[in-house]
Amino acid sequence: MTPKRIILPTTRLLILSDLHLDKATPSSKAKFLKRLQATDYDSVLITGDISVASLLPKHLGEVVEASGRPVIITTGNHVLKRREIYPLL
């Protein structure tokens with residue numbers, strides 16, 4: 001008996017790391033968000049150091065809105081240093 005072949009759709013994952021959006025100028029952040037919106041991918045994984053804890057919800061909101069696709073994150077040491085946890089959903 002021949003095994004049944006399953007074909008799954010290809011998923012394009014955009015991986016970003018150490019964005020430090022808290023240090024970005026307004027124009028560089030706007031340029032990044034515009035490019036994020038225009039890039040071709042299915043979902044984005046952002047690993048660590050997105051921003052400082054106090055600005056993380058704001059910056060994540062901007063990224064999620066610009067992306068318009070599923071966003072998966074892991075926090076970095078800049079958030080963990082302050083031991084603050086924010087509800088993100």
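Because only heavy atoms are used, hydrogens play no part in the values below, and waters and symmetry mates are left out as well, while side chains stay in. For reference, positions follow the sequence shown, starting with 1.
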Checklist entry - CG/Leu19 to CG/Leu60 distance, rounded to the nearest 0.5 angstrom? => result 9.5 Å

Checklist entry - What distance do Asp42 atom CG and Leu13 atom CG have between them, rounded to the nearest 0.5 Å? => result 8.5 Å

Checklist entry - What pairs with Ala24 under side chain to side chain contact (heavy atoms under 4.5 Å, CB included), at least two apart in sequence or on another chain? => result Ser28, Lys29

Item to check | Close side-chain approach of Val44 to Ile72, heavy-atom, < 4.5 Å | outcome: no

Checklist entry - Excluding sequence neighbours, so at least two apart, what forms side chain to side chain contact (heavy atoms under 4.5 Å, CB included) with Thr39? => result Arg35, Tyr41

Checklist entry - Considering only heavy atoms from C-beta outward, does the side chain of Leu45 approach that of Leu14 to under 4.5 Å? => result no

Next on the checklist: So which atom in Ser43 and which in Arg69 form the shortest heavy-atom distance, rounded to 0.1 Å?
Outcome noted: CA-CB, 4.5 Å

Checklist entry - Is there a side-chain contact between Leu33 and Val63, using heavy atoms and a 4.5 Å cut-off? => result yes

Item to check | Spatial distance of atom CD (Glu62) from atom CG (Leu55) [nearest 0.5 Å] | outcome: 9.0 Å

Checklist entry - Is any side-chain N of the basic residue among Arg12 and Asp40 closer than 4.0 Å to the acidic one's carboxylate O? => result yes

Checklist entry - What distance do Leu36 atom CG and Lys31 atom NZ have between them, rounded to the nearest 0.5 Å? => result 14.0 Å

Item to check | Under 3.5 Å donor-acceptor, Thr74 side chain and Gly48 backbone | outcome: yes

Next on the checklist: Going by side chain to side chain contact (heavy atoms under 4.5 Å, CB included), name the residues that satisfy it together with Ser17, two or more places apart in sequence or in a different chain.
Outcome noted: Thr47

